[in-house]
Number of protein chains: 2
Amino acid sequence: MLIGELSERTGVSRRALRYYEEQGLLVPERACNGYRVYSGDAPLIVAQIQGLYAAGLDSDAIRQYLPCARGRTPDLEMCAELRTHLSGRAAELGTQAETLIRQREAILAHLS
Amino acid sequence: MLIGELSERTGVSRRALRYYEEQGLLVPERACNGYRVYSGDAPLIVAQIQGLYAAGLDSDAIRQYLPCARGRTPDLEMCAELRTHLSGRAAELGTQAETLIRQREAILAHLS
DNA sequence: CTAGAGGGTCACGTTAGCGTGAGGGTCAAT
DNA sequence: ATTGACCCTCACGCTAACGTGACCCTCTAG
């Protein structure tokens, strides 16, 4: 499929899809006229990318993570390292949430 | 105290402290020579600001939140609104963490 | 053959939270 | 009076993930 169709099907802008290619996250084939041609599993990959961005990962982390998540490159060491990475990031988010909850409790105290 | 001392005591750069003033988060008095003069509770406020930045809030949210957190402006409506804001943000962080944990589980599945 | 829909590559604009000089007063001490 | 430690105000630089034209090509339909 071409970039317009992928954009419509995923809700991700054409600009963003080109950006993903720039970052090496989702690199499509090229037709003889230079048009980007995406394979059938592209929408799934785009969804994964969006989820990871939304979770606060940056392009570098996602680039390293994606091939492993797709079952490619069964490099056990890399996958283990990435699991550690994700666990650490999740822990960070947990402490951030705790900070906010504490502040909320502080306000509750002020209100009494 | 002057900006240098506050910077040392908090570990926050002078540039950042001037930025906080720009954003209306921590506005010091001025000596006759134009030097910024911070009050005794400034280090505590700086710590709060840092915590909220670290938790992912932006300057606007912190500006609205700080007076309430310090016990100033006992505006009950505003405080309630801010509690809602913080709860929402904490929930967002929770879902982000869940996303990462799911991805980690997906990798675990690949490894088997 | 001409119009329109869609595709391509630059390349600058945006937001946030500072970093990093440039150029220049202020203050205490020697 | 000169040094050195601080202070001030611009004001440009940086990173990230795109938005938004500008300008040109390609394909299909009437």
Side-chain angles (χ1 to χ4, degrees), chain A residues 1-39 42-43 45-66 85 89 92-93 96 99-100, chain B residues 1-39 42-43 45-66 85 89 92-93 96 99-100:
Chain A
M1 78 187 78
L2 299 185
I3 195 173
E5 187 183 347
L6 181 57
S7 174
E8 271 190 28
R9 287 171 56 169
T10 58
V12 175
S13 74
R14 284 171 279 267
R15 177 68 176 95
L17 293 174
R18 297 194 184 102
Y19 178 73
Y20 295 166
E21 179 180 4
E22 235 181 78
Q23 298 300 305
L25 304 182
L26 178 57
V27 181
E29 303 291 313
R30 292 289 188 145
C32 49
N33 55 13
Y35 286 16
R36 269 165 261 257
V37 179
Y38 292 92
S39 60
I45 303 176
V46 170
Q48 283 188 318
I49 293 174
Q50 291 270 302
L52 293 172
Y53 271 134
L57 297 193
D58 58 12
S59 299
D60 283 8
I62 298 178
R63 175 174 39 255
Q64 293 185 14
Y65 166 72
L66 263 186
H85 183 152
R89 176 65 186 151
E92 280 178 32
L93 292 175
Q96 288 182 13
T99 296
L100 292 177
Chain B
M1 79 187 79
L2 300 183
I3 196 172
E5 187 182 348
L6 180 58
S7 174
E8 271 193 27
R9 287 172 58 169
T10 59
V12 175
S13 74
R14 282 170 282 266
R15 176 67 176 95
L17 292 175
R18 295 194 184 102
Y19 179 74
Y20 295 165
E21 180 180 3
E22 233 181 82
Q23 298 300 305
L25 303 182
L26 178 56
V27 182
E29 304 291 312
R30 291 290 187 145
C32 49
N33 54 13
Y35 286 14
R36 270 165 262 259
V37 179
Y38 291 92
S39 59
I45 302 176
V46 170
Q48 283 187 318
I49 293 175
Q50 290 271 303
L52 292 173
Y53 270 134
L57 297 192
D58 57 10
S59 298
D60 282 8
I62 298 178
R63 174 173 41 253
Q64 293 183 16
Y65 167 72
L66 262 186
H85 183 153
R89 177 63 188 153
E92 279 179 33
L93 292 175
Q96 289 183 14
T99 297
L100 292 177

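Proteins get letters first, then strands, A, B, ... in listed order; numbering begins at 1 in each.
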R18(B) side-chain N/O to dC8(D) phosphate OP1/OP2 under 4.0 Å:
yes
For D58(B) and C32(B), take the nucleotide of DNA chain C holding the closest heavy atom to each; which residue's nucleotide lies nearer the 5' end?
D58(B)
L6(B) CG - dC6(D) P separation (whole Å)
15 Å
Value in whole Å for how far the P atom of dA5(C) lies from CD1 of I3(A)
19 Å
Does any non-hydrogen side-chain atom of L25(B) lie less than 4.5 Å from one of Y19(B)?
no
Using atom CG of L2(A) as one end and atom C1' of dC25(D) as the other, report the distance to the nearest whole Å.
15 Å
Do E92(B) and R89(B) meet the salt-bridge criterion of a basic N to acidic O distance under 4.0 Å?
yes
Of L17(B), V27(B), L2(B), the residue whose pairing with Y38(B) passes side-chain contact (heavy atoms from CB on, under 4.5 Å)
L17(B)
Whole-Å gap separating C1' (dG7(C)) and CZ (R30(A))
10 Å
Under 3.5 Å donor-acceptor pair, Y20(B) side-chain atoms to dG17(C) base atoms:
no
Rounding to an integer number of Å, can you tell me how far Q23(A) CD sits from dC18(D) P?
9 Å
Among R63(B), R15(B), Q50(B), which residue satisfies the side chain to side chain donor-acceptor pair (under 3.5 Å) criterion with Y20(B)?
Q50(B)
Spacing between L57(B) atom CG and dA16(C) atom P, to the nearest angstrom
13 Å
Indicate yes or no: at least one non-hydrogen side-chain atom of L100(B) is less than 4.5 angstrom from one of L57(A).
yes
Give the rounded distance in Å between these two atoms: CD of E22(A) and P of dA17(D).
11 Å
Minimum heavy-atom distance A61(B)-H85(B), with the two atoms named:
CB-CE1, 3.7 Å
Phosphate OP1/OP2 of dA17(D): any Y19(A) side-chain N/O under 4.0 Å
yes
Answer yes or no: is there an ion pair linking E8(B) with R14(B), defined by an N-O contact shorter than 4.0 Å?
no
Taking DNA chain D as the partner, which of residues 8-15 of chain B come within under 4.0 angstrom of it by heavy atom?
R14(B), R15(B)
Earlier contact from the 5' end, DNA chain D, for N33(A) and G34(B)
G34(B)
Classify the side chain of Y35(A) versus the base of dG6(C) as yes if they form a donor-acceptor pair under 3.5 Å and no if they do not.
yes
Grab the CD1-P distance between I49(A) and dA16(D) for me, whole Å please.
17 Å
